[in-house]
Student: 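I have a structure here, written as structure tokens, and I will follow up with some questions on it.
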Amino acid sequence: PQFSKITHKRAFKSLAKQTLLYLSAPALIFLLLIITPQSLFTLYLEKFESASGLARSLAPAYVLYTFANFPLLFLLYTVKKPGAILFANMSFFLTMTIGCYMLIPQAHLSAIAPVVTASLVSATAILSVYSLYEYQKLPN
């Protein structure tokens, strides 16, 4: 909601610090998942031990996804450009679809994490570039 009130670069900069701080909390949880020793999964989460490898491999992608919300919020609420978000989502969808179609038959489950990561990188790059372009248009 605070993104909708931004009209100047100064307001954006102050909100950016606060937003990145709040986005750091879930990102930290994903980072902790990466460094959690396997013995803790075995000891405390016995039912989910078999999924720990997949969860760890997807965690870096979801750290990126967490921070991708920053340009997404800026585009959606500040500059009100849903077309850029649609384009980024189409990029995500196509990268995911083509990547899974090509890599899963060959690499099976180990293909999922790189495909998801590549999909999120493509969408985040589009959102970030378009956000920077729109940020330059804001008055000081």
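Atoms considered below: every heavy atom in the structure, side chains included; atoms not considered: hydrogens, waters and symmetry mates. Small disclaimer: the values here were computed from a predicted structure and weren't measured.
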Student: Please report the shortest heavy-atom distance between Ala113 and Ser57, naming the atom on each side.
Tutor: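 In this case the closest contact between Ala113 and Ser57 is CB-O, 3.4 Å.
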Student: Is Thr19 close to Phe3 at the side-chain level, that is, under 4.5 Å between some pair of heavy atoms?
Tutor: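 Answer yes - side chains close enough.
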Student: Check whether any side-chain heavy atom of Leu86 lies under 4.5 Å from a side-chain heavy atom of Met90, and answer yes or no.
Tutor: yes
Student: Indicate if Leu120 and Val63 have the same hydrophobic cluster label, given that clusters are the connected sets of ILVMFWY residues with side-chain heavy-atom separations under 4.5 angstrom.
Tutor: yes
Student: Does Leu75 share a hydrophobic cluster with Tyr77, counting links as ILVMFWY side-chain heavy atoms below 4.5 Å and allowing steps through other members?
Tutor: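 Cluster IDs for Leu75 and Tyr77 match.
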Student: Check whether any side-chain heavy atom of Leu20 lies under 4.5 Å from a side-chain heavy atom of Phe67, and answer yes or no.
Tutor: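 When only atoms from C-beta onward are counted, Phe67 and Leu20 do touch, with a gap below 4.5 Å.
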Student: Would a 4.5 Å heavy-atom cut-off, applied to side chains only, mark Thr78 and Phe12 as touching?
Tutor: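 Not touching, per the 4.5 Å side-chain cut-off.
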Student: Kindly say whether the aromatic ring centers of Tyr133 and Phe74 come within a distance under 6.0 Å.
Tutor: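 Tyr133 vs Phe74: aromatic centres not under 6.0 Å.
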Student: Which pair of non-hydrogen atoms, one from Pro114 and one from Ala111, has the smallest distance, and what is that distance?
Tutor: CD-O, 3.3 Å
Student: Determine, using the 4.5 Å side-chain heavy-atom cutoff (strictly less than), whether Ile126 and Leu94 are members of one ILVMFWY cluster.
Tutor: no
Student: Shortest non-hydrogen contact from Thr124 to Ala68?
Tutor: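 Heavy atoms only, the tightest pair is OG1-CB, 3.3 Å.
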Student: Check whether more than 12 heavy atoms from other residues, nucleotides or ligands sit under 6.0 Å from atom NZ of Lys17, and answer yes or no.
Tutor: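 It does not: Lys17 NZ has 12 such atoms or fewer within range.
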Student: For residues Leu127 and Ala84, report the shortest heavy-atom separation together with the two atoms involved.
Tutor: CD2-O, 4.3 Å
Student: Heavy-atom distance under 4.5 Å between the side chains of Ile34 and Pro60, does that happen here?
Tutor: yes
Student: Cluster question for you: counting only ILVMFWY and a side-chain heavy-atom cut-off of under 4.5 Å, with indirect links fine, are Phe93 and Leu58 together?
Tutor: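 Unlinked, Phe93 and Leu58 end up in two clusters.
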Student: Would you indicate whether the side-chain heavy atoms of Gln136 and Lys9 approach each other to under 4.5 Å?
Tutor: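 The answer is yes, as the side chains (C-beta and beyond) meet within the 4.5 Å cut-off.
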Student: Return the CG to OG distance between Leu73 and Ser131, rounded to the nearest 0.5 Å.
Tutor: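 Here the rounded value is 9.5 Å.
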Student: Would you name the heavy atoms of Ala123 and Ala88 that are closest together and state the gap between them?
Tutor: CB-O, 3.5 Å
Student: Same cluster or not: Tyr135 versus Val129, using hydrophobic residues (I, L, V, M, F, W, Y) connected whenever any side-chain heavy atoms lie under 4.5 Å apart?
Tutor: no
Student: Arg10 versus Asn140: any side-chain heavy-atom pair under 4.5 Å?
Tutor: no
Student: Which atom names give the shortest non-hydrogen contact between Ser119 and Met96, and what distance separates them?
Tutor: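 So the two residues come closest at OG-N, 3.1 Å.
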Student: Would a 4.5 Å heavy-atom cut-off, applied to side chains only, mark Leu33 and Ile29 as touching?
Tutor: no
Student: Is there a side-chain contact (heavy atoms from CB on, under 4.5 Å) between Ile104 and Ile112? Walk through the geometry before answering.
Tutor: CA-CA 7 Å; Ile104 287 180; Ile112 293 172; 4.3 Å; yes
Student: Please check this pair: side chain of Thr66 against backbone of Tyr62, looking for a donor-acceptor N/O pair closer than 3.5 Å.
Tutor: yes
Student: Is the OH atom of Tyr65 crowded by more than 12 outside heavy atoms at less than 6.0 Å?
Tutor: no
Student: Nearest 0.5 Å, what's the CG-CG distance between Asn69 and Leu64?
Tutor: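 Asn69 atom CG to Leu64 atom CG measures 10.0 Å (nearest 0.5 Å).
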